[in-house]
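Because the structure is predicted, anything quoted here is derived from the model rather than measured. Every number for a ligand or one of its atoms is a count from 1 in the order of the listing.
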Amino acid sequence: MRIADLHQTLAQLGALPVHQGRITRAWLNGKALDTGTRHQKAENFLPLRVREGLPAIATQLEQLASISERHPGADGSARLLVKLHDGQLVESVLLPRDGLCVSTQVGCAVGCVFCMTGKSGLIRQVGSAEIVAQVALARRERSVKKVVFMGMGEPAHNLDNVLEAINLLGTEGGIGHKNLVFSTVGDPRVFERLPQQAVKPALALSLHTTDAALRAQLLPRAPAYDPAELMALGEEYARATGYPIQYQYTLLAGINDSQAEIDRLLELFKGKYAVLNLIPYNSLPDDDYQRPSGERIVQIVRYLHSRGVLTKVRNSAGQDVDGGCGQLRARADKPERI
Ligand code: SF4
């Protein structure tokens, strides 16, 4: 179901925009749709046909998604395994400070070499109503004031659904536009469409290296942007919206943590309205890629920070639970033997 379908169903029942807004806000706030008689009162009025149609709509919305597992982390986050109406599983993560990370696709076609989700390829798109349902479910657990589109999937590959969800969350959902964060490996359609939106989200770009050839190896099916070109496009959007671009950089020992890389980062970030999020890879001893030592991470951060690059170290939320994005789903697909 798309959000447009929900609005169309309501309009066919005779709901005016004011009625649609009231119903949508109740859903977005994680409340069960009230189908009782209070809608006959003037302040809550809904036309009779809408009232009669609401139980079926409420059932449809309830069936969109449900939480099948909760995995609280020590850092105040919690990974949620969310079952969609057809049994497909995606992950949402409740982040500290009222944030929520949502999934936009089941699987992903980009195939980043360090990502569990990328290993499955794309299985299906997540509809706009299913994206919003992840927020509605999370709001039953706790308050959500920021939504990042950084879970499973590449939002640019499901652009219409993601933009529809962003538009609703930034209006009826009551979320500030800069607290909606569209995360992408970089796609020409993103740079065309985002500036045209009424609700313009903040932008996070996956950089991961300053070297175009290495980037093509790490993100095999991402558009072949040279990192400098990608950052130039990001800068244009940052200046147009007034929000800095967040550059995501997964730190991989011996791959993209050399001093030469860090010096090139310094060059690229000069004068940019940007934040660099360093995400040390969350590795297991036998993994192909490893996390740099704590000492090296501190060195890199101090080096960049002291030279004017706003650098933050971000650990994958809830990583003490089950590692990175997609690992809960992978485990649910292949239950461990006891
Ligand atoms: Fe897709 Fe993101 Fe994983 Fe890359 S890191 S494969 S874009 S989900």
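Taking a 6.0 Å sphere around NZ of Lys145, one finds it holds 12 or fewer heavy atoms contributed by other residues, nucleotides or ligands. Other residues, nucleotides and ligands contribute only 12 or fewer heavy atoms inside 6.0 Å of the CD atom of Glu236.
For ligand 1, the atoms sitting less than 4.0 Å from at least one non-hydrogen atom of Gly153 are 8 (S), numbered in the order shown with element in parentheses. Shown in contact with Gly118 at under 4.0 Å from a heavy atom are these atoms of ligand 1, numbered in order with element: 6 (S). Listed by number with element, the atoms of ligand 1 under 4.0 Å from a non-hydrogen atom of Cys108 are 1 (Fe), 6 (S), 7 (S), 8 (S). Within the listing of ligand 1, atoms 6 (S) sit less than 4.0 angstrom from a heavy atom of Gly111.
Glu172 and Thr24 form no side-chain donor-acceptor contact under 3.5 Å, judged by distance and modelled atom types alone. Gln196 and Arg193 are not linked by any side-chain donor-acceptor pair at a separation below 3.5 angstrom, with hydrogens and angles left out of the test.
By the criterion of a heavy-atom distance under 4.0 Å, both the backbone and the side chain of Cys112 are placed next to ligand 1.
Both Leu205 and Leu163 belong to a single network of hydrophobic side chains, linked directly or stepwise wherever heavy atoms of I, L, V, M, F, W or Y lie under 4.5 Å apart.
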